[in-house]
2 protein chains.
Amino acid sequence: MSGKHSLIRSGTTVDQMVRAIGDRIVTGYLRPGEKLDETSLAARFDVSRTPVREALGQLSAMGLVERRPNRGAIVAVVTQEHLASMFESMAELEAICARFSAERMTAAERRALETEHQASARLVQLGAEEDYEYFNTEFHSRLYRGAHNTHIHDLTVMTRSRLAPFRRAQFMLPGRLAKSWQEHDLIVTAIMRGDSVAAGKAARDHVSIVSEASAVFAADDRKPIRRDVA
Amino acid sequence: MSGKHSLIRSGTTVDQMVRAIGDRIVTGYLRPGEKLDETSLAARFDVSRTPVREALGQLSAMGLVERRPNRGAIVAVVTQEHLASMFESMAELEAICARFSAERMTAAERRALETEHQASARLVQLGAEEDYEYFNTEFHSRLYRGAHNTHIHDLTVMTRSRLAPFRRAQFMLPGRLAKSWQEHDLIVTAIMRGDSVAAGKAARDHVSIVSEASAVFAADDRKPIRRDVA
DNA sequence: CCGGAGGCAATTGCATGCACTTTTTGCCTT
DNA sequence: AAGGCAAAAAGTGCATGCAATTGCCTCCGG
């Protein structure tokens, strides 16, 4: 949510805290279950506890942080079951975006999607994981925007960010890039010919496969939590 | 979001404020665009500004209020376009829930759904708007829970609450109760026979119709508030 | 009569302080 | 030595205070 605000280079300390802490969670620098001590965070960012508290409250409202009254906040811990439910939701949301994209993308949007997608083929050949990941993100963002529905866009982006910590691992899997590109290709092809049903299905399958890949890592990765905020 | 927390009879002042203010927004007591003055709210609920501020921050993260740095908070104003996008999203979300419900509801859940639905027929005959609305909410909640997917559940509940201010008006439309019941009946029937496609379609259509009904009211009803939002 | 500069009141943003809750530590008992 | 209890330490929750920003009002010049 708050889609428009996230673009703003906000001056308020609270928003900076939300972004700072949120980023660290989403990028996996802060791991699920890790304790978020108000005083330490305040010291770490050189602000008072108030903005940190407000930020934790907002992150809690977003689901990234879990707050136990009087007992502090921790990075939200997701159970296997909840993780699965998020991936399943993600698949459905992406399916909706792809379906709507197939029906509603403007000519310019279709062109841009296809162009960028074709360009990314080069990155697959080179095995440029990092760069491909960037294109991958951009690719999916195009689908979300192409749906021309701000609320679905917000829900999807939000869900995606909550899944982010569990997705990074997948790229270590060998052959993943080529597979991903082919799946994208199915989606693009369907969208280009305006086949909303096929686009939806292709997008859903794409996420499902990512989900399976990530689930493997989610299983073990979770034990060694205790770690201090630097 | 924060699905589990919302059930807790939370002792913390901030959560009480979130519920108090959030309820007033959702029920339409506070209208979109209305100014939310920290000091007044603090005085009104007899707490200091701090919990009010935190509550406003969280509500802002949820999208119920809009916050302009240094310029105060207002109840979120939704444009016609955004409203439409939320209704469309709602239709898709409900479709997903109905689809999953058709596939996954336990025997007990199906039984309860059908029983309650049949019981509500009586309320239609009586024209008991208020009571029917309660059943209606319960009916939809059953669908969300029946999907057995906590994240979809959260997204749906959240979207529903944001639409709440725009839905109340629809019940003034004559014949609405009977129509609503018949649409519910289509959904229930499809779910009972495990027809996920039909259930999804019926649910989507149901919301779409509500959407059209509400749009009428959204059009005029909203002017006299103070629309200084860009 | 209109438009803009300056100042004032109102309001927000953040820091600090204090009370209360939880957790830890150390001692005593068994 | 293990368990339990109590006091201290740590950390959270909320109130209050002060600086900073905004919006308004006035007054002046054109």
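Just so it is clear: chains get the letters A, B, ... in the order the sequence lines come, proteins before strands, and each one is counted from 1. These figures come from a predicted structure and were not determined experimentally.
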Side-chain N,O (Thr13(A)) to OP1/OP2 (dC14(C)) below 4.0 Å: yes
Contact under 4.0 Å: Arg53(B) side-chain N or O vs dG13(C) OP1/OP2: yes
Arg110(B) (side chain) donor-acceptor with Ile191(B) (main chain) under 3.5 angstrom: yes
Pair Arg49(B) + Glu54(A): basic N to acidic O under 4.0 Å: no
Ionic contact status for Glu109(B) with Arg142(B), cut-off 4.0 Å: no
Pairwise side-chain contact, Ile74(A) with Leu36(A), heavy-atom cut-off 4.5 Å (strictly under): no
Rounding to an integer number of Å, can you tell me how far [X] [atom1] sits from [N] [atom2]?
X: Arg68(A); N: dT23(C); atom1: CZ; atom2: C1'; result: 12 Å
X: Glu38(A); N: dT23(C); atom1: CD; atom2: P; result: 15 Å
X: Arg49(B); N: dC14(C); atom1: CZ; atom2: P; result: 11 Å
X: Asp15(A); N: dG13(C); atom1: CG; atom2: C1'; result: 12 Å

Step-by-step side chain to side chain contact (heavy atoms under 4.5 Å, CB included) determination, Phe166(A) to Leu83(A): CA-CA 9 Å; Phe166(A) 305 96; Leu83(A) 181 64; 3.6 Å; yes
Exceeds 12 heavy-atom contacts within 6.0 angstrom, atom CD of Glu138(B): yes
5' to 3' contact window, DNA chain D with chain A (heavy-atom distance under 4.0 Å): dG11(D) to dG13(D)
Thr50(A) vs Gly72(B), nearer the 5' end of DNA chain C by closest nucleotide: Gly72(B)
Toward the 5' end of DNA chain C, by each residue's nearest nucleotide, Val14(A) or Asn70(A): Val14(A)
Residue whose nearest DNA chain D nucleotide is more 5′ - Ser48(B) or Ala73(A): Ala73(A)
